[in-house]
Amino acid sequence: MAAFLRSKCSSAGRTLMGGLGNNLFGAVNSSVETVSRPSHCDPIFQQIRTFIQMRTNLKVVDNSGAKRVMCIQSLRGKKGARLGDTIIGSVKEAQPRGKVKKGDVVYGVVVRAAMKRGRNDGSEIQFDDNAIVLVNNKGELIGTRVFGPVPHELRKKKHLKILALAEHIV
């Protein structure tokens with residue numbers, strides 16, 4: 001659940017580290033060939049991270065009682081939602097005795113997205129998961145706590161209450 005500020009993958013760094021090999025003593029030669037592992041920077045092994053769109057499952061990171069929500073509609077546009085956008089979702093998993101129940105249709109604000117987002121200083125922010133905070137139709141929070149890191153880009157979208165309740169601002 002950590003946020004990562006990433007730069008472009010360096011193939012030169014991979015080549016240098018891969019060139020060291022498993023031979024610790026230098027003098028001992030073995031007949032076994034070294035097989036290089038696929039790197040996470042290779043485009044074949046990267047999962048394509050896109051907008052939050054219809055039928056995307058999102059983790060709920062507040063204490064409203066819901067655990068998992070499936071996106072029904074993005075209120076942003078045709079492509080989908082990004083950080084700070086509002087979506088409409090259906091609760092798929094919920095805790096017992098919570099404020100929301102399974103099957104409820106709720107509004108939510110996206111606070112973490114697996115899609116990379118560029119910042120003004122040239123860095124990029126990317127989270128490990130997609131997460132939302134549940135709000136009512138007026139935009140007021142349902143829960144009273146927000147768990148995990150949230151980006152400071154929510155300030156531009158006027159979600160100051162979420163930033164005030166967040167544990168960590170990235």
Side-chain angles (χ1 to χ4, degrees), residues 1-9 38-95 98-170:
M1 280 200 319
F4 293 106
L5 294 173
R6 298 181 185 205
S7 62
K8 303 284 187 259
C9 293
S39 171
H40 295 291
C41 297
D42 293 338
I44 296 171
F45 296 101
Q46 279 187 347
Q47 181 180 1
I48 298 173
R49 306 289 184 166
T50 59
F51 290 93
I52 293 169
Q53 54 195 354
M54 193 185 315
R55 298 184 59 87
T56 301
N57 285 312
L58 301 112
K59 183 178 179 182
V60 180
V61 292
D62 61 6
N63 61 348
S64 60
K67 291 182 181 178
R68 188 172 57 93
V69 169
M70 185 180 72
C71 178
I72 295 175
Q73 180 183 7
S74 169
L75 299 180
R76 179 177 185 261
K78 288 191 174 187
K79 278 192 172 183
R82 295 181 81 174
L83 287 174
D85 293 335
T86 305
I87 65 167
I88 300 174
S90 171
V91 177
K92 292 298 178 186
E93 289 180 29
Q95 296 173 347
K99 294 178 185 174
V100 295
K101 305 291 184 227
K102 180 179 176 182
D104 287 353
V105 176
V106 293
Y107 287 84
V109 175
V110 179
V111 294
R112 291 199 295 259
M115 182 178 173
K116 285 184 184 178
R117 180 179 173 106
R119 288 185 167 173
N120 292 338
D121 61 355
S123 62
E124 294 176 328
I125 187 161
Q126 178 182 14
F127 292 94
D128 292 339
D129 59 350
N130 296 318
I132 63 167
V133 172
L134 298 185
V135 296
N136 59 12
N137 54 1
K138 296 178 185 173
E140 302 163 350
L141 295 176
I142 294 176
T144 57
R145 296 175 66 193
V146 177
F147 305 111
V150 296
H152 72 273
E153 281 88 359
L154 295 178
R155 189 177 311 276
K156 293 178 187 172
K157 303 271 186 157
K158 308 291 189 234
H159 298 296
L160 299 176
K161 184 68 175 177
I162 296 173
L163 288 172
L165 295 176
E167 290 177 352
H168 184 63
I169 299 173
V170 182

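The structure presented is a predicted model; accordingly, all values stated were derived computationally and were not measured.
- Between Q73 and M54 there is no side-chain heavy-atom pair separated by less than 4.5 Å.
- If you check the side chains of T144 and N63, you find a donor sitting under 3.5 Å from an acceptor.
- Looking at every heavy atom in both residues, N136 comes nearest to I142 through N-CG1, 4.1 Å.
- The side-chain heavy atoms of K67 and Q95, taken from C-beta on, include a pair separated by under 4.5 Å.
- Between A81 and V110, the closest heavy-atom pair is CB-CG2, 4.3 Å.
- Residues D129 and R112 form a side-chain contact, since some pair of their non-hydrogen atoms from C-beta on lies under 4.5 Å apart.
- The shortest side-chain heavy-atom distance between I125 and R119 falls under the 4.5 Å cut-off.
- Dense packing is recorded around NZ of K101, with more than 12 heavy atoms of other residues, nucleotides or ligands lying under 6.0 Å away.
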For residues 157-170, dump all side-chain donor-acceptor pairs below 3.5 Å to protein atoms at least two apart in sequence or in another chain.
unit_1, atom_1, unit_2, atom_2, d
K157, NZ, D85, OD1, 2.9
H159, NE2, G84, O, 3.0
E167, OE1, G148, N, 3.3

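- What you find for V60 and A66 is that their closest heavy atoms are CB-O, 3.5 Å.
- Distance check, rounded to the nearest 0.5 Å: CD1 of I52 to CG of N57 gives 11.0 Å.
- Heavy atoms only, all atoms of each residue included: L83 and A113 are closest at CD2-N, 3.6 Å.
- Side-chain contact between R82 and M115 is present, with heavy atoms from C-beta onward closer than 4.5 Å.
- Around the CG atom of N120, the shell of radius 6.0 Å holds no more than 12 heavy atoms that belong to other residues, nucleotides or ligands.
- Here the side chains of Y107 and L75 are in contact, with some heavy-atom distance below 4.5 Å.
- K102 contributes atom NZ, which lies 8.0 Å from atom CD of E93 (distance to the nearest 0.5 angstrom).
- Proximity of L134 to D62: side-chain heavy atoms (C-beta onward) are separated by under 4.5 Å at one or more points.
- Counting heavy atoms from C-beta on, the side chains of C71 and L58 come closer than 4.5 Å.
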